[in-house]
Amino acid sequence: MAHVNLDRRVKPTVIVAESPEAFSRVAADVITRQIGIRSDSVLALPTGATPLSLYAELARRCSENLVSFAELHSFNLDEYVGLDPEHHNSYHAYMMEHFFSKVDIDMSNVQIPNGMAPNREAECARYEREIGAVGGLDLAIIGLGANAHMGFNEPGTPFDSRTHVAELASETSDANSRYFAGMQQMPRHAITMGIGTILEARRILLMAMGITKAEAVRASLEGRVTPHVPASVLQTHPHLTVVLDRDAASRLTVSPR
Ligand code: PGA
């Protein structure tokens, strides 16, 4: 764990949004600011329910010429193993529907792990190489699982993990099965950026909304730094911004600003 200094706790910037509109506005501001600093920034992008309003807000700003993604490089956090990019449950399809088709991003600068790669280990290594080739992640935007996972880094994943094939935790399969026709259709594995990959981002934006995330938020921000709570490692990151709604923040003991 060369790059994880567990003794170093850094106070994150924690913002509690008072409304869904404020949530997406504050999160979009973080990204817009990053692009303002460097138009060819390298972002890690999440999927799931949490970022939907953020993507809608970014698309609105792009259509009003308030921000451009034309030079942006993006790397999605993860993709299901065994789902074709065309499959409606793939994260390729999610990203096309909710973000890429709505903004001016250059699709040749878009990367998502290939869940259909015949050689998954080679695909993971390729993904790491591609991130390195554009200078590493400037900003990793991540959602939080109810079990405090980031990407598909489930509890127990080593903090120094790189992009790898992960087995979904049963609680993750339960949570995500609502998107699939049934448990049988649900992939059991995913290719995910590792925790070490995410931690090397120069800035991290963590987002969580809803009461089901409240305990994961508390454990991640105020609990012990342990692989059993994957996002707890973010306490060691020097540039962490956290955007929460009231429910997700409700178990924090230290009052956020
Ligand atoms: P959600 O998922 O945004 O759909 O709640 C977040 C996650 O599991 O990482």
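These numbers come from the heavy atoms of this one structure, side chains and all, not from hydrogens, waters or symmetry mates. Just follow the structure's listing: the first ligand is 1, and inside any ligand the first atom is 1. Residue indices begin at 1 and follow the sequence shown.
- More than 12 heavy-atom neighbours from other residues, nucleotides or ligands sit within 6.0 angstrom of CZ on R126.
- Close contacts between ligand 1 and G48 involve ligand atoms 3 (O), 4 (O) [criterion: under 4.0 Å to a heavy atom].
- Salt bridge present: E215 and R218 bring a charged side-chain N and a carboxylate O closer than 4.0 Å.
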Margin query: For R25 and E21: C-alpha separation, side-chain torsions, deciding distance, then whether salt bridge (charged side-chain N to carboxylate O under 4.0 Å, His left out) applies.
Written below: CA-CA 6 Å; R25 195 174 58 241; E21 294 72 31; over 6 Å; no

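- R224 and S232 share no donor-acceptor pair across their side chains, judged by distance under 3.5 Å alone.
- Counting non-hydrogen atoms of neighbouring residues, nucleotides and ligands closer than 6.0 angstrom, the CZ atom of R246 reaches no more than 12 such neighbours.
- Within the 4.0 Å heavy-atom criterion, neither part of M150 lies near ligand 1.
- Atom 4 (O) of ligand 1 has as its closest protein heavy atom A49 N, 2.9 Å.
- Contacts of L144 with ligand 1, taken as heavy-atom pairs under 4.0 Å, involve the backbone alone.
- Shortest contact from atom 8 (O) of ligand 1 to any protein heavy atom: H149 NE2, 2.7 Å.
- For atom 5 (O) of ligand 1, the nearest non-hydrogen atom of the protein is K213 NZ, 2.6 Å.
- For the pair V26 and V243, the tightest heavy-atom approach, listed with the atom from each and the gap, is CG1-CG2, 3.8 Å.
- For atom 3 (O) of ligand 1, the closest non-hydrogen atom on the protein side is T50 OG1, 2.5 Å.
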